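Here's the structure we're looking at; comments come further down.
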Amino acid sequence: MKENIVIIGGGIAGMEAAKQLLCLGYNPIIVEQNDHLGGHVSQWHQLFPDMTPAQDLVRRLGEEISEANIFLETTVSYVNKLKDGYNVMLNNGVNIVCRALLIASGFKLFDATKKEEYGYGVYDRVITNSDLEAWFNGKQDPRIPDKPARVGFVHCVGSRDLKAGNSQCSKVCCVTAIKQAIEVKEKFPDAEIYCFYMDLRLFGKKYEDFYINAQRDFGVHFIRGRVSEVGEAIDGRLQVKAEDTLAGKPLKVTLDMLVLMSGMVCNPQATEIARMIHLDMDDDGFLRSRDNVYSIIESNRPGVFYAGACTGTKTVPETVAEARAAALGIDAYLKSL
Amino acid sequence: MMDFGFSLSKSSTLNLDTADLSLYKKLCELSPDARTCMACGSCSATCTAGPFSGMSVRKVILDLQRGRDVKAMVQGCMLCGKCIMVCPRGINTRNLILNLCKIYDR
Ligand code: SF4
Ligand code: SF4
Ligand code: SF4
């Protein structure tokens, strides 16, 4: 009998970990609340820096874990600690006993309606990064005009914002904004595109190249200054105010569409499980790793492991790497018992 | 008009709806690398003339991007080319200034 490992969350972290655990001879059981695997990535169109179709990654991972047990549209009702493991009770009545548990519940997109001054859900032409990806994927969106003349992107929405309760940087949204700015410019070559940023954090491989491309080949305008408020004109267009902090002057512009780069917050599901089995939470609202240098995938409880954005904001490659590390960590842990 | 003893000062707001970017666009045709400026300020910091004449390549590019005139600033450049050496984006800043002068001369 192969040993059961419960994986909470069927996004790319959970999928990759399941794949590795299968290779290591275990029986991974994925518990996913949605009706499909792949999490946020499955809703995304193309991934930076190579513009890889997100669906390809999800499809490939899906094929590789065909042997795993997968519960879709299922949530964890209860987890309790046993003498040498955990008892996981699912909302479909299934009970699983395991010695190791992997939390891969990922992140939740920051709810942009909380930043009222940007008008998401109030004005017709304000959308989020994730709405735009869905539109790239072919979903109809009446908020996106047929021929926008001016499109703006607001960086750091709900990130680096103590008032929104999130001091952390979401890491992926600077490069995502630039990627989406390029994609919008490709769709609407006559449009002027403005990115409103506080800092451009383009730390990853090829991110800076994206920035240079956006400037040189697509003429994207970068304005250093956080949008302070958005108003709606009588014709439905948006009046955006910011300070151009490089010029030291107030700036205003009328836009046909505004895209908010919503950041990442911890998935409330993770918080719920943390409460049940006394996992430490960090002050950024994510799960606290044993340490943030060497033991990111380990929790403060024996047998509970982490992978991906449940411990903080992560990129896709970071998430995949952590999922692999977590599978190895689980294997080493079980062998040490 | 009646004199109320005070006047209104002109708004300093940069209005991108009305900003005239034709000068910037002309410059980008001759010096396409102008677009890649990231406003680091190395050029201005190294400029020997700047502290005396007010010249700053960074400000010239930014002002053009906001539709402002830079003729007076450019006249404070002595075309020494020192700024080319420090630009991390490899912008040929001296050539950029010369191109601007050409556009103004037309
Ligand atoms: S990655 Fe960029 S947009 Fe996202 S939170 Fe960090 S600084 Fe802001
Ligand atoms: S070329 Fe002009 S702007 Fe550049 S360093 Fe010399 S004087 Fe300054
Ligand atoms: S050194 Fe180059 S990149 Fe930096 S401000 Fe000057 S022109 Fe722009």
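The structure displayed is predicted, hence computed values, not measured ones. Chain letters run A, B, ... following the sequence lines, proteins first and then strands; every chain starts at 1.
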Check each atom of Phe222(A) against the heavy atoms of chain B and say whether the ones under 4.5 Å are side chain, backbone, both or neither.
-> backbone
Against chain B, label Leu200(A) side chain, backbone, both or neither, depending on which of its atoms sit under 4.5 Å from a heavy atom there.
-> neither
Aromatic centroids of Tyr207(A) and Phe48(A) separated by under 6.0 Å = yes
Check: Met257(A) and Ile127(A) side chains under 4.5 Å, non-hydrogen atoms | yes
Tell me, side chain or backbone of Glu243(A) under 4.5 Å from chain B's heavy atoms, or both, or neither?
-> neither
Heavy-atom closest pair (Thr319(A) atom, Gly308(A) atom, distance to 0.1 Å) is CG2-CA, 3.8 Å
Contact origin within Cys28(B) toward chain A - heavy atom pairs under 4.5 Å = neither
Residues Thr128(A) and Ala112(A): closest non-hydrogen pair is CG2-CB, 3.9 Å
Counting a contact as any heavy-atom pair under 4.5 Å apart, which residues of residues 51-74 of chain B contact chain A?
-> Arg58(B), Leu62(B), Arg66(B), Arg68(B)
Which heavy atom of Ser130(A) sits nearest a heavy atom of Leu109(A), and at what distance?
-> CB-CD2, 3.6 Å
Contacts of residues 87-106 of chain B with chain A (heavy atom under 4.5 Å) | Arg89(B)
Side-chain heavy atoms of Asp141(A) within contact of Arg143(A), under 4.5 Å | yes
Are the ring centres of Phe196(A) and His155(A) closer than 6.0 Å?
-> no
Counting only heavy atoms closer than 4.5 Å, note whether Arg224(A) contacts chain B via side chain, backbone, both or neither.
-> neither
With the threshold set at 4.0 Å, does a side-chain nitrogen-carboxylate oxygen contact exist between Glu133(A) and Lys179(A)?
-> yes
Under a 4.0 Å N-O cut-off, is there an ion pair linking Lys185(A) with Glu183(A)?
-> no
Do you know the tightest heavy-atom contact between Phe286(A) and Gly312(A)?
-> CD2-N, 3.3 Å
Short N-O contact, Arg226(A) and Asp161(A), less than 4.0 angstrom = yes
Answer yes or no: is there an ion pair linking Arg150(A) with Asp17(B), defined by an N-O contact shorter than 4.0 Å?
-> yes
